[in-house]
Amino acid sequence: MEKIKLGISTCLLGKNIRYDGGHKLDRFLTDTLGQYVEYVPVCPEVECGLPVPRESMHLEGDPESPRLVTSRTNQDMTGRMLRWAMKRVVELEKEELCGFIFKSDSPSSGMERIKVYNEKGMPVKKGVGMFARTFMEHFPLLPVEEDGRLHDPKLRDNFIERIFTLKRWREVLAKKESRENLVDFHTQHKLLILSHSPKHYQAMGKLVAKAKEISIKELYQQYQTILMESLQVKTTPKKNANVLQHMLGYFREQLSAAEKKELLEVIDHYRQEYIPLIVPITLIQHYVRKYDQPYLKQQIYLTPHPWELQLRNHV
Ligand code: SF4
């Protein structure tokens, strides 16, 4: 697989471009995830023409549509930032990004819970950074996360699973449009989708079943929308345990009663969060290899992202 293109707030890569001349290097993003990703850096404040160092800024006014102002001299930067942001998101269309990692707590780049000050100077943590808002409105289905939230193992696993899935989907889009290619992709991703959302899984099944009745353009468009929406729904131990039990059903003939009991116990221990997801997955992988199970061996659910990232060791 080619590297995945991700947008990122530039200071997370260690560039000294923050208002105080510093950076916010995140080693997981550069050294670990960076092995699989080609970053497209974006620094709204520097790219809209502000110097380094510069006066710090904050949001104020209506949290839904705040103004961006400098904190000491009270200069209003809203128009300047918005004009630049609208232009930049159009430029970013060409990059075919699979997602964006924003710097938390920034009035320009933060994705959520940014302080917005009211007329009495009191902050409420209800804002969205000005560029981050423009980006998310322009690309509503793209996976987005913040550096801080990516320290949460579940959010990290979810985000990385989504960007890898979007990359595989983009590879399908790069080929000639064909119902067969879409059905192949869907078949491989069925259990992954089921682990996020049984509702979307059913909707996609119905869509694929009537693939020949609608135009191929419409099929691709509808499929992409439901796929991206399905992965926005978080997995839970309960949903994963249901998928794992479903997989166990494929070995009904081969496994002994004692092996089935052992696997069920492992799944149950995972459901109760005594052990991480990697444990039942490894056991099932073993049976898939041993019995060469044709349907399960193509399931992306078993390896949605590289093992080296160790994401399922912590969820
Ligand atoms: S938080 Fe955003 S605006 Fe601030 S330095 Fe980082 S990339 Fe630039």
Side-chain angles (χ1 to χ4, degrees), residues 1 36 153-154 156-158 160-162 164-169 171-172 178-211 223 226-227 230-231 233-315:
M1 199 188 244
Y36 307 95
K154 287 185 179 156
R156 178 185 286 197
D157 177 55
N158 182 264
I160 294 176
E161 198 174 281
R162 287 168 69 200
F164 272 89
T165 304
L166 184 50
K167 176 67 179 162
R168 286 187 294 272
W169 172 245
E171 285 172 0
V172 174
S178 94
R179 291 179 173 80
E180 291 71 31
N181 288 343
L182 184 139
V183 171
D184 283 350
F185 176 92
H186 181 64
T187 306
Q188 292 165 4
H189 288 79
K190 271 182 167 181
L191 296 185
L192 185 77
I193 295 159
L194 183 61
S195 70
H196 285 265
S197 170
K199 192 177 116 205
H200 287 87
Y201 171 82
Q202 280 184 2
M204 291 165 97
K206 281 189 194 152
L207 180 65
V208 171
K210 63 167 192 187
Y223 187 86
I226 310 178
L227 174 69
S230 72
L231 300 182
V233 183
K234 305 276 182 301
T235 60
T236 62
K238 189 165 171 239
K239 284 189 265 185
N240 274 319
N242 288 345
V243 172
L244 295 165
Q245 279 185 352
H246 177 78
M247 294 175 113
L248 170 59
Y250 285 86
F251 301 109
R252 215 172 286 128
E253 304 293 317
Q254 290 105 336
L255 296 191
S256 68
E259 285 170 327
K260 280 184 205 154
K261 185 166 173 278
E262 183 197 26
L263 184 48
L264 277 171
E265 268 174 18
V266 169
I267 294 172
D268 193 53
H269 285 161
Y270 159 70
R271 189 202 308 266
Q272 297 189 58
E273 300 187 56
Y274 300 147
I275 55 175
L277 180 57
I278 192 70
V279 181
I281 290 283
T282 305
L283 191 50
I284 289 183
Q285 287 267 28
H286 165 73
Y287 289 131
V288 171
R289 274 194 301 273
K290 183 170 176 189
Y291 298 112
D292 200 25
Q293 213 305 315
Y295 175 69
L296 294 186
K297 84 177 177 195
Q298 56 177 329
Q299 287 305 311
I300 297 290
Y301 178 72
L302 288 171
T303 42
H305 31 55
W307 287 88
E308 294 80 359
L309 288 172
Q310 302 178 23
L311 298 172
R312 286 175 158 182
N313 298 23
H314 308 287
V315 293

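Owing to the predicted nature of the structure, the values given are computational and were not obtained by experimental measurement.
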[atom1]/[X] to [atom2]/[Y] distance, rounded to the nearest 0.5 angstrom?
| X | Y | atom1 | atom2 | value |
| --- | --- | --- | --- | --- |
| I226 | I193 | CD1 | CD1 | 9.5 Å |
| E273 | T236 | CD | OG1 | 9.0 Å |
| L302 | M247 | CG | CE | 3.5 Å |
| L182 | T187 | CG | OG1 | 9.0 Å |
| H189 | I300 | NE2 | CD1 | 4.5 Å |
| D268 | L244 | CG | CG | 11.5 Å |

May I ask you to decide if the ring planes of [X] and [Y] are parallel, tilted or perpendicular, using 30° and 60° as cut-offs?
| X | Y | answer |
| --- | --- | --- |
| F164 | H305 | perpendicular |
| Y274 | H269 | tilted |
| Y291 | Y287 | parallel |
| Y295 | Y250 | parallel |

Legend entry - Candidate pair H196 and E161, rule side-chain contact (heavy atoms from CB on, under 4.5 Å), full reasoning: CA-CA 11 Å; H196 285 265; E161 198 174 281; 2.4 Å; yes
Looking at [Y], is its backbone amide N or carbonyl O close enough to the side chain of [X] to form a donor-acceptor pair, meaning the two atoms are under 3.5 Å apart?
| X | Y | answer |
| --- | --- | --- |
| K190 | Q299 | no |
| R168 | F185 | no |
| K239 | K234 | yes |
| K297 | V288 | no |
| R271 | A241 | no |

Any heavy-atom pair between the side chains of [Y] and [X] that's under 4.5 Å?
| X | Y | result |
| --- | --- | --- |
| H200 | L227 | no |
| N240 | Y301 | yes |
| L296 | L191 | yes |
| V279 | Y270 | no |
| V315 | N158 | no |

Inset, instruction - Begin from the C-alpha positions of Q245 and L264 and carry the test side-chain contact (heavy atoms from CB on, under 4.5 Å) through to its verdict. - result: CA-CA 7 Å; Q245 279 185 352; L264 277 171; 3.9 Å; yes
Inset, instruction - Check the pair T303, Q285 against side-chain contact (heavy atoms from CB on, under 4.5 Å), reporting the backbone distance first and the verdict last. - result: CA-CA 9 Å; T303 42; Q285 287 267 28; 3.6 Å; yes
Legend entry - Contact summary for S230 and S197, nearest pair of heavy atoms: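 Heavy atoms of S230 and S197 come nearest at O-CB, 4.2 Å.
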Inset, instruction - For P280 and I275, work out which heavy atoms get closest and say how close. - result: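 Scanning both residues completely, I find the closest heavy atoms to be CD-CD1, 4.4 Å.
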Legend entry - Salt bridge flag under 4.0 Å for residues D157 and K154: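 Judged by the 4.0 Å cut-off on N to carboxylate O distance, D157 and K154 do not form a salt bridge.
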Inset, instruction - Flag yes if more than 12 heavy atoms outside K260 fall under 6.0 Å of its NZ atom; otherwise flag no. - result: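 Yes, enclosed.
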